[in-house]
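Within every chain, numbering begins at 1; the chains are lettered A, B, ... in the order of the sequence lines, protein sequences first and strands thereafter. Just so it is clear, the structure is predicted and the values come from calculations on it, not from any experiment.
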2 protein chains.
Amino acid sequence: MRSRVICNALAPEAREALGRLGRIQRYPRGTTLVWEGEDSRIVANLLSGVLKLSSSTADGKEQILGVAYPSDFVGRLFAPVASYRVTALTDVEVCLFSRTAFEAFAREHPALEHALLEHTLADLDRAHAQLLDLGRRSASARVAAFLLDLSQRLAEARCAAAGGDGQPLDSFDLPLDRQQIADLTGLAIETVSRTLQKFHRAGIIALAGRRHVEIRDRARLATIAEA
Amino acid sequence: MRSRVICNALAPEAREALGRLGRIQRYPRGTTLVWEGEDSRIVANLLSGVLKLSSSTADGKEQILGVAYPSDFVGRLFAPVASYRVTALTDVEVCLFSRTAFEAFAREHPALEHALLEHTLADLDRAHAQLLDLGRRSASARVAAFLLDLSQRLAEARCAAAGGDGQPLDSFDLPLDRQQIADLTGLAIETVSRTLQKFHRAGIIALAGRRHVEIRDRARLATIAEA
DNA sequence: CGACTAATTGAGTCGCTTCAATAAGCGTGG
DNA sequence: CCACGCTTATTGAAGCGACTCAATTAGTCG
C-alpha cells in the first residue's frame, strides 16, 4: 500500500516548496473551516484530528458525506464554490493552502496531480459504498458497516502517523456523537441508539461511557453489515 | 464550461496516439461490460448510448451508483479489481482501452491526468448529491431530482455530440425503465410508479408510452426536489 | 454534588415496501 | 390491421421499519 499522504508523491525539494505554500493551523472542535456554497478558497491536508464533510437539505436535515482522518486531503479543487461544509469533529491541526496557489503548484508537478487523482478515486469508492448503504441496507447493516469502517480507518490513520501495524482496532473512541453517526448513516438519532444497544445486548460490541466502543465479534458484525 | 471529453485535453498528435491505443466497440443494450469484483482490465470512453454503474448487496438488492452519458469516461483506474458493474442501458458505442496501457499513457501526459482528475471530482460531486438524496430526502424529492438531473445531462450529452445549445430538455425518452429508476433512487418500483403518476395527475409532467416524459412545470419540480 | 447535555427508552404514527391483482404497452404472427 | 401473448407498469391493501414526539436516565464537567 502506498503512502496516503499526498505530498509524499513529491521529490524532497518540491515537497519543501509546497510546504512553504501552506501554513499550519489549529482549530478547536466544532469549528467550520468551509461552508457549503461559499467561495472555495482553501484546501487542506489534515495532520491530526477528524473532520466531517457534510451537506444539508433546504429544510435543514444534514447528511455527512464523508469523514476525513489524518493524512487525508480535503477541499474542492478546480471549482469556484465549495459543495460541502467542512467541520472539525475534534480539535484539529491542518496544513492550509490557498486553492488557486495549490492548483498552480499541482499543474507544475504531475506527480502531485497523480496522487490527487488516486486519492479522489479512493474517495469516490467510499462514496459508492455509502450509496449502497443508504439506498439498500437496513439500519442495522448501516450501523454495523459504520463501526467496521471506522475501526479500519482509525487504524490506518494511526499507522500513517505513529507507524502502527494497520490492523483494524477492536477498541476505540468514537470521534462522532450519536447525532453525527445518525447524520452519517442517514438514520434518526434514536434508531442509532437502539441499534447500538441491540448489538450490545447481543454481545457483538461493548459500550462504555458515551464514546468508547469495543468490537467483540467482528465476524458477526461483518455478516450484519453485508445484508 | 470546458470540454467534457477527456481526450480534448491533449494536443492533436497525442490524441492520435491515444486513439491508436483504444478500439471502438459496440454492444447491444443489456450487455455487461465489467462485473463488480472481477479484474479491472479495461476502461472506456462512452461515444454513444447510456451506461449504468451499479453495485448490489449480498441479498441481491441493486443500487445504481451513477449513469454515464456520451463523452463520459468509465472504469476504475489504478485499482486491480472493479468496484462496480457497468451495463449498457441502450445500445452503446465505446472506445475501449486496456486499463494498464491507458494508465501508462496518462503518466506520460499530465494534461490527460489533469482532465481525469477534474472528471473524477465531478463524479464525486454527483455521488455526494445522490448521498444527500438517499440519506435525507423523500421519495418525491428523489424522483423529481432524478428527472431534473436527467434532462440536464441528456442536454449536455446532446450538446457534446451534435452541438446543441445545452439547455435542459423538456421532452425526452427515459433511458431507464421503472425498475432501474427504482435502483437509482433507492426506492421500490411501485413507489417510483406511484410518484410519477402523482406528478402526472398534478400536471407537473406528462407521461406518454412507457418511456416518454415531458416536464411541464420545471419550477415546481425543482421545489419538490429541494425538500 | 448539582446542573446541563447527551443518550436511552417507550409509544404511536407515517411513508415506504411488500404482496397480489389488474391494466397497459408493444412486438409478433395470422 | 387486429388479435394474441408476453413484458412492463399501475393500482390496491396490508404490514413493517424507521421516524417523531415525549419522558426518563446516564454521563460529564464545573
Side-chain angles (χ1 to χ4, degrees), chain A residues 28-30 52 56-57 59-63 89-91 133-147 173-202 205-213 224 227, chain B residues 28-30 52 56-57 59-63 89-91 133-147 173-202 205-213 224 227:
Chain A
R29 134 198 284 232
K52 74 169 180 187
S56 41
T57 60
D59 55 334
K61 281 178 287 190
E62 181 165 340
Q63 175 65 47
L89 290 179
T90 63
D91 291 351
D133 273 358
L134 296 190
R136 293 300 186 204
R137 291 199 224 264
S138 67
S140 297
R142 294 187 217 177
V143 174
F146 159 74
L147 291 171
D173 281 333
L174 297 167
L176 297 81
D177 64 24
R178 298 291 189 272
Q179 181 59 61
Q180 287 160 345
I181 298 173
D183 291 341
L184 183 64
T185 53
L187 298 168
I189 184 172
E190 297 92 334
T191 305
V192 171
S193 185
R194 280 186 250 268
T195 306
L196 249 15
Q197 294 302 323
K198 193 178 68 179
F199 290 167
H200 187 186
R201 283 192 301 274
I205 62 172
L207 295 167
R210 296 184 184 177
R211 296 296 188 118
H212 196 79
V213 175
I224 294 169
Chain B
R29 134 199 283 233
K52 74 168 181 188
S56 42
T57 61
D59 56 332
K61 280 178 287 190
E62 181 164 339
Q63 176 64 47
L89 290 179
T90 63
D91 292 351
D133 273 358
L134 297 190
R136 294 301 186 203
R137 290 199 223 267
S138 68
S140 296
R142 293 187 217 176
V143 174
F146 159 74
L147 291 171
D173 281 333
L174 297 167
L176 298 81
D177 63 26
R178 298 291 189 272
Q179 182 59 60
Q180 288 161 344
I181 298 173
D183 292 341
L184 183 64
T185 52
L187 298 167
I189 184 173
E190 298 92 335
T191 305
V192 171
S193 185
R194 280 187 251 267
T195 306
L196 249 15
Q197 293 302 324
K198 193 178 68 179
F199 290 167
H200 187 187
R201 283 192 300 273
I205 62 172
L207 294 167
R210 298 184 194 191
R211 296 298 189 117
H212 196 79
V213 175
I224 294 169

(request) Could you tell me whether B:Glu190 contacts a base, only the sugar-phosphate backbone, or nothing, with contacts defined as non-hydrogen atoms closer than 4.0 Å? (result) base

(request) Please answer whether the main-chain N or O of A:Pro28 pairs with a side-chain N or O of A:Asp91 as donor and acceptor at a distance below 3.5 Å. (result) no

(request) Establish whether the base of D:dG12 is bridged to the side chain of B:Arg194 by a donor-acceptor pair shorter than 3.5 Å. (result) yes

(request) Take atom CD1 of A:Ile189 and atom C1' of C:dT9, then tell me their distance rounded to the nearest Å. (result) 13 Å

(request) Check DNA chain C against residues 174-183 of chain B and give the residues with a non-hydrogen atom under 4.0 Å, in numerical order. (result) none

(message) Minimum heavy-atom separation for A:Leu187 and A:Ala139, please, with both atom names.
(response) CD2-CB, 3.8 Å

(request) Could you check if a side-chain atom of B:Leu176 sits within less than 4.5 angstrom of a side-chain atom of B:Lys52, using non-hydrogen atoms only? (result) no

(message) Nearest whole Å is fine: how far is D:dT8 C1' from B:Leu207 CG?
(response) 14 Å

(message) Without decimals, in angstroms, what is the distance between A:Lys198 NZ and D:dG17 C1'?
(response) 10 Å

(request) For A:Arg201 and for B:Ser138, find the nucleotide of DNA chain C with the closest heavy atom, then tell me which residue's nucleotide is more 5'. (result) A:Arg201

(message) Heavy-atom nearest nucleotide on DNA chain D for B:Gly209 versus A:Ser140: which residue maps closer to 5'?
(response) B:Gly209

(message) Measure CG/B:Leu196 against C1'/D:dT10 and give the value in whole Å, please.
(response) 11 Å

(request) Could you tell me whether a side-chain N or O of A:Arg142 sits under 3.5 Å from a main-chain N or O of A:Thr185, the two making a donor and an acceptor? (result) yes

(message) Can you identify which nucleotide, out of C:dC16, D:dC21, C:dC19, has its nearest atom closest to the B:Ala139 side chain?
(response) C:dC16

(request) Send over the distance from A:Gln197 CD to D:dT25 P, rounded to a whole Å. (result) 15 Å

(request) Provide the closest heavy-atom pair for B:Ala227 versus B:Ala141 in the form atom of the first, atom of the second, distance. (result) C-CB, 3.9 Å

(message) Please find the pair of heavy atoms, one from B:Leu207 and one from B:Leu196, that lie closest to each other, and give the distance.
(response) CD1-O, 3.9 Å

(request) Could you state the atom-to-atom distance from CZ of A:Arg137 to C1' of C:dT17 in whole Å? (result) 18 Å

(message) Under the side chain to side chain donor-acceptor pair (under 3.5 Å) test against B:Asp173, which residue among B:Arg211, B:His212, B:Arg210 passes?
(response) B:His212

(request) Would you please confirm or rule out a distance under 4.0 Å between OP1 or OP2 of D:dA18 and any side-chain N or O of A:Thr191? (result) no

(request) Measure from CG on A:Leu187 to P on D:dG17 and round the result to the nearest Å. (result) 14 Å

(message) Rounding to an integer number of Å, can you tell me how far B:Arg211 CZ sits from C:dG27 C1'?
(response) 15 Å

(message) Please pick, from C:dT5, C:dC26, C:dT9, the nucleotide with the shortest atom-to-atom distance to any side-chain atom of B:Arg210.
(response) C:dC26

